[in-house]
Structure formats: C-alpha cells, structure tokens
> 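The structure's right below; bear with me while I get my questions together.
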Amino acid sequence: MAETYTIEELDAARAESQALTTRILELRDAYYGRDAAVASDEEYDGMMQRLELLERMFPELQSQDSPTQTVGGRAQTLFDPVQHVERMLSLDNVFSIDEFAAWAVKVERDSGRRVDYLCELKIDGLAINLRYEDGVLTTAATRGDGVVGEDVTENVRLIESIPQKLEGSGHPPIVEVRGEVFIPVEAFRELNAEQVALGDRVFANPRNAAAGSLRQKAEGKSVEKLAQMRSRLAKLRMLVHGIGAWDNPPVDSQSEVYGLLAGWGLPTSTYFQVKPTAEGAAEFIEYYGEHRDSVLHEIDGIVIKVDELALHGELGATSRAPRWAIAYKYPPEQVNTKLLDIVVSVGRTGRATPFAVMEPVRVAGSVVRQATLHNQDVVKLKGVLIGDTVVLRKAGDVIPEVLGPVVELRDGSEREFVMPEACPACGTTLAPAKEGDIDLRCPNARSCPAQVRGRVEHVGSRGALDIEVLGEVTAAALTQPLVPSTPPLVTEAGLFDLSIDDIVGIEVIVKDAETGLDRVDDDGSPRKRTPFQKVSTEYPPEAEGLDAAERRKRGYKKDFRVYSPSAQAEKLLVELELAKTKDLWRILVSLSIRHVGPVAARALAGYFGSLDAIRSASRDELASVEGVGGIIADAVLDWFELDWHQEIIERWSAAGVQFATPGHPGPGAAGAADGPLAGLTVVATGSLEGFTREGAQEAIIAAGGKSASSVSKKTDYVAAGPGAGSKLGKAEALGVRIIDAAQFALLVTGGPAAIGDAPVAAEPETPAEPSAEAATDDAADSPLNAE
DNA sequence: CACCCTCGAGTTCA
DNA sequence: CTCGAGGGTG
C-alpha cells in the first residue's frame, strides 16, 4: 500500500532530509551572512521542494528546526544574542519501539550495567535556558543554534510559573536550568479566539503560539498592544527538565535532580516515572500514545533519560546530542501539506459545502486528502488561500480539519477562494434558504444531480430503509451512469420500479481510490465498470452437449461471452423488495423531509400510524406530538405541497411500499410507553457484545425506554463496550451509571431491578436517582506515580 | 431564556 | 464520531 512505508524507507528518507537540511542551512548562512553565492536559486529551490516533499511523505521527519518551518534561515536578530554557558544540546529521535529498544541495548552495553530509565513527557513547546546567578534570574534565552540563543529575559519574567528568585539553598552560584515554555491547550484556544476577535491571524498550533508570544517586542507598542502582549505572556507556562553543568551535585540521579529543582521553587513535571527496564519504558511510551489528550499540554513524544548521573559522564555526547537520552516521537497529529484547491460539493439537502483538496498526507495513522471547510465564512476565518501550505490535524483523531495557513511559506502565487454563484452540479444559482443564512443552497431540489444522488443514497442508509447494496457508489450509478445516457432514476420516485433490465447495462467510470480522479486506461480512455453485470465465458450454444474431446477436435474454445445480472443486481432488487414493508418511520426518514430524522419520524409514525393520517393532520396536531414543534410541523406540511413529492408517494405506493403501520388504531394512539425501561433514557456506545449498534437501540425502544444519541444529565444509563469514546468520559463526568454489555442485556429484559437498581418510579417524569457509586471510577490503571 | 437535544454533514476505517 | 446550527422544552 502506498500509505504505509517500511522502517528502511523511513531511514533512507531521514538520511536524505538530514543531508538536505544541513546543505540548505549552509546556503542560507552563506546567503544571509556572507555574500558569496554558493548555489543557484534553482538548486536551492529544488532542495527546499524535495525537503518539503519528504516531510509530507514522512511527517515524523518534520521538526521545528526544519528549514521548511523557518523563514530565511537564522532567527531574526531583533533580540540580543546570548551565549549559553554550556551548550544546549538537542535530542536524537527514535520513531518506533524497536528503534528505542535498540538504543537501550546499546546504552546498557556501553554502561556495562543495568540502567534505570527516567521517562517523561516531551512537551511541544519552545526550549528555554534560564540562568540564575546567586539564586536570581539574570537571563532567559532560546536555544538558538545551541551555542548562541536569543535573549528573551524581559518577556520570560512575565511568565508566572517562573520564579525570579530561587527558594531554599544549596544551588550553585551560577546555574543554568533548561526547560520548555508552552501554552496549555485550553489557553491556546482562548488565545486564538481573542486573535480572531481582534482581527489578528490565528496561530496554527500551540508551539507557534508560545514562540510567537515569547518573541514579541515591547518597544514602540501602544498601551493597548502592550496590555495584549502581557495577557498573552500570562497564558504561557514553563516546565523545567534539566540542569546545565554542575560539578559536584549532591544527588546521584536525574530524578533526584528534579526533586532539587522543585525544592528551589521551579516548576517540574509530575508526569515522570523511573522504570527499571527498557520494557517498562516502552509501556510508558505506549500508555501516553493512547492518552495524549489527557494532559494539559500537547505532547509530541516521550523523553527517556538514563537516571544515574554518573552514567551521563561515562556515556558522553555527540556533537549535537547526549548519548544518555533519547526522544521517542509519536506519529504527528498535525502536519503540513499543500492546499491544492478548494472545491464545492452539494449534498442531498442542496447545501453547498466548500472543502479543501490537499496533497495526500499521512496524519494520525491515515492518509488524508480532503477536509471540509463548512462554508465560505469559515474559509475566510481560517484565512487559507489556494496554494497555501496548510496545517492539518485530525479532530478527535478522526475528522480531518484544516487549522490554517503557514503564512511564512507563501510565495505570492496563492489565490483567494471565491464561492461560486452557480451550483457546481447543475448550474442553478445558489441562494440562502432564508434571509441571513450563511449556508448557500442549490434550489433545484428535484433535478440537481448531486441532490438526487444524495437522496437516493439516503434512502438506502442505515437510519432510513437500510438497503444493502444501495450506498454511495450504487446511488451514483443509478442516477448518473456513463451508459445509458438517461439514468434509470431521474428522482427517487422510480426507485421501487427498477427492474433487472433497467440496471444490467449500467456502466460507470472507475475512480482511483488514491487520487479520487477518474481512472484512465493505457490508451487514455476512462476505465469503465459494469457493476450490475456479470460477464462469464462459456462454449457457444452449438457446442453444448458435445463432450470435451469432441469440442477440442472441432476447435471450440470457451470464449463465448455471457452477460447476466451480477449478484449485486439481484441483491439490490431483493433488498428493495424487503424495504417496501419496513417500519413506517423508516419510510418517513427516507423521504428526506427537512428536520425529520429517525427520532422525529418515530414520534410521528407512532402517533399517526400512516402517511395519510400525517398528511391530513393540522399543523397544531402535528406540533402536539412530543418531540415535534411548529418548525417540524411546517416542514412536514410544506413537503406534501410539491407535486414531485406527491409523485414519490404515488409511485412508491403503486410499487407496493407500505405507508401505514398494520393494526395501528389511528391518530392519537401514542400512549405512554410501558415496559421494563419506561421513562428511562439509555445511551449505547462502543461495541456491546451480543448487540449491533442498531440492535441495541431497538432493544432500548422495545423495552419502552428512550435511546438517546448523546449523554446528558438526563441520561439514566450509558451502556459502554470496548471502543467507547468521549461519551464514556462524559458519563463519568456527569456521574451517569455506566453498565457493560451483560448488564445491558439484563436491563432491557428485566429493567433496573435486574441489575440491582431501584425499580423505576411510577411517574416517568421523576428522574431516576443518580447513583453516586457510578462516579467512583478507579484511576488505578494510570501509570502515574506522582501525586 | 437557558439549557439540552437532535439533525445533518463530512470523513475515514475495518 | 464530532461539530455547528437550530429546534424543543422546562
């Protein structure tokens, strides 16, 4: 697969990118420092492009020091240079547990004895060196090139967690303390919100925000700007994790050094652990790989240090990094890539949504090439231009999100996105559905190909008629085939009239899974596929009945092509037949009435029992149904007004679709649900053994309970299985009772009593007693030892 | 007039 | 699964 790569490929890419980086930095030095041109501009640009490409293919290789992340070389010389007393080294990186294990083997061999490993979180921030003379902070400097950094003392003094004076005693007369300045994730969000409010550009990530805040200049600023600068600096925090040269330290280990630093009043991380083996360190790495979000700052890796100080001297350092420490880098959750274009898509409701088309890039474990931009205002707010290098991440580890442009990397060729005036699918002029709406919609609901395709797909979706086979690809084939030129479906009205003959001839163009573009054969023609047709080879009919020897003698070959409906085609028709008698609420959902999803549809179907009853109901009667209000009532009534909607009902009815619940006594019959779960709200999340996602919901409803999709304080139970996500956390936070699959199975059959809870109160309105013991989750699985 | 909740859309993966 | 938008309810 193109999306994965081997360790060897990564090694090769790393070697190449390091060579490129060295060369580029040399050239920049030559260019900015002296005047001799050592390479042509083309060569330089070529190297930069190659490096950018490598970093996109192997995001692990991106680092804050990369030439692709900095403008024209060395830090702008706005700040005074400071020479570090002791050189500030960086750390070597490893990218896998195997590489880490290899490093550990080498360390233990070179040490000649067992080694304790100090594991700590690698904060994604800015390395800073604090110099205290006689216990008083005199200088704070960035790392710079390791020898000379920038003097940011004035700004650092405004960071609260950094003491101006060391507490206690026992500190050397001159001491350099190393640490990381960062902005907590929460403060980062606030800061960006403020930047937006002020009309300033937003920071792409917390590290940039920390660096940007620290590198502000007070001179020449207005009073307001100064206040703003102070408030930004106040958001910064620092954690220290090391100490410069110290000849006769009173302790033997790095972990004890942290104790000393803390004793001096310096902020040290509580998230460190000493592990007696490399395997233990690997466990620490894996634990935080899964809990990166649970810490207040961004983590881009783990730092593992040999704990014993005596070994630091014995192992020594290379020119750029110590041999007694290593940084394990997690696959990045944020990467840079090129924004190739912004394209507008139209969904089933006609909403026009711009989305970013990007150079494919690997982020948080998968390759991403598209991300939604929601609407034109969001595009503006994010400030991205077509052609920009953009910062991309996976929100909640799943949904790709463009955060913003890397403004420094613009070359002037970028252009602004302009929202098209016409629907990209049918050419109709886009317009807001009502005054003041930001979203633009294509008003051509009936025949806009994008909307028809979307609605047909929706009919088949799980929340509607749940028709197997009828997914995105099939919906497209039925509504926009390459051949025949008139699609079998002009609207969803004809869905249940489809016959085998209508669909076997359908040809579609094969899309490339990698690029999303049409696949082209060697001769340049698009590659076609006939999804509803099976082609097999047989002997010609006249050869039937001959035996094998005879056939061979007469020269018959098995090359007579036979076309027959594919399994897909037959399955589709069977599924459509099954769909005709599914529950009324599913039929309602499949009609694509605004605001009528599974929940509202269930309420309406339960109350009225038939589509006829719904159609002839008054607005007030509709709105009297629980969960339905005036807006939904209007949407329902408006839907019936359109002729082509009537046509859907007529043709579906004629084809045998059941628009009524058999045996339903008629409107108003809703009646309070009873059953073991009457009056209780249950949320199912994760995979519950013995239930499908749908099945769990059905079980809740069948038992008279309410199946909700999100956890709130009104939720009585959260049934959570493996893979449960944020809902579980929310349930814990709210103290909602959490049960497992086995308890859930008991609950839906026997009610709360079956799992030892008090039975439901008679009145459904009475909230169930919140069970306090549910909130006492144990933190025992955390490997944290401190505090 | 607050919440709290559902809807709808987009996205990727197994 | 998550987010924003906007509807429903107390």
Side-chain angles (χ1 to χ4, degrees), chain A residues 1 3-4 189 293 343-358 360-375 377-378 381 392-403 432-434 436-441 450-451 453-455 457-458 461-464 471-472 513-514 516 585 588-589 592-604 622-636 681 683-687 693 697 706-715 720 722-730 734 736 765 767:
Chain A
M1 268 198 295
E3 18 258 90
T4 57
R189 285 203 198 99
D293 299 335
V343 180
V344 173
S345 73
V346 173
R348 89 179 150 98
T349 62
R351 199 170 97 180
T353 311
F355 64 94
V357 179
M358 289 159 295
V361 67
R362 200 182 167 81
V363 51
S366 62
V367 172
V368 172
R369 65 195 99 245
Q370 285 185 3
T372 178
L373 292 168
H374 304 289
N375 58 49
D377 281 17
V378 172
L381 191 72
L392 179 74
R393 71 157 181 177
K394 290 259 202 83
D397 242 22
V398 183
I399 312 292
E401 180 188 9
V402 172
L403 289 170
K434 62 177 177 7
D437 267 12
I438 293 170
D439 290 342
L440 293 179
R441 308 191 104 92
Q451 294 185 59
R453 189 202 67 94
R455 287 198 306 268
E457 185 189 342
H458 174 66
S461 70
R462 229 177 320 175
E472 185 183 338
E514 295 255 317
W585 70 265
L588 280 176
V589 172
S592 282
I593 302 172
R594 281 275 257 159
H595 307 131
V596 179
V599 175
R602 273 197 168 100
L604 288 167
L622 286 167
S624 72
V625 176
E626 175 148 9
V628 178
I631 308 274
I632 293 182
D634 285 340
V636 171
T681 300
V683 174
T685 181
S687 49
R693 194 171 294 269
Q697 290 175 15
K706 194 169 172 232
S707 164
S709 58
S710 54
V711 178
S712 71
K713 65 181 181 203
K714 283 200 222 160
T715 310
S726 61
K727 284 175 201 170
L728 187 55
K730 191 152 182 210
L734 291 171
V736 174
E765 291 310 306

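Keep in mind that this is a model prediction, so the values were computed, not measured. Each chain gets a letter, A, B and so on, in the order its sequence line appears, and its residues count up from 1.
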> For A/Leu440 and B/dG8, what is the distance between atoms CG and P respectively, to the nearest whole Å?
19 Å

> Given atom CD1 of A/Ile631 and atom C1' of B/dT6, what is their separation to the nearest angstrom?
14 Å

> Taking the side chain of A/Val599 as its heavy atoms from C-beta onward, which of B/dA9, B/dC7, B/dT11 lies nearest to it?
B/dC7

> Counting side-chain heavy atoms from CB outward, which of B/dG10, B/dT12, B/dG8 is closest to A/Gln370?
B/dT12

> Starting at CZ of A/Phe355 and ending at C1' of B/dA9, how long is that distance when rounded to a whole Å?
13 Å

> Between A/His595 (NE2) and C/dG4 (C1'), how many Å, whole number?
13 Å

> Say you draw a straight line from CZ of A/Arg455 to OG of A/Ser592; how long is it, rounded to the nearest 0.5 Å?
6.5 Å

> Can you tell me how far P of C/dG6 sits from CZ of A/Arg351, to the nearest Å?
10 Å

> Please report the interatomic distance CG(A/Leu604) to CG(A/Leu622), rounded to the nearest 0.5 Å.
6.5 Å

> Among all residues two or more places apart in sequence or in another chain, which pass the side-chain contact (heavy atoms from CB on, under 4.5 Å) test with A/Ala623?
A/Ala633

> Among B/dT12, B/dC7, B/dA9, find the nucleotide with the atom closest to the side chain of A/Pro598.
B/dC7

> Between P on C/dG6 and CD1 on A/Ile632, what's the gap in Å once rounded to a whole number?
14 Å

> Does A/Thr349 have any side chain to side chain donor-acceptor pair (under 3.5 Å) partners at least two apart in sequence or in another chain, and if so, which?
A/Arg441

> Report the distance from atom CZ of A/Arg369 to atom C1' of B/dG10, rounded to the nearest whole Å.
15 Å

> In whole Å, what is the span from the CZ atom of A/Arg453 to the P atom of B/dA9?
12 Å

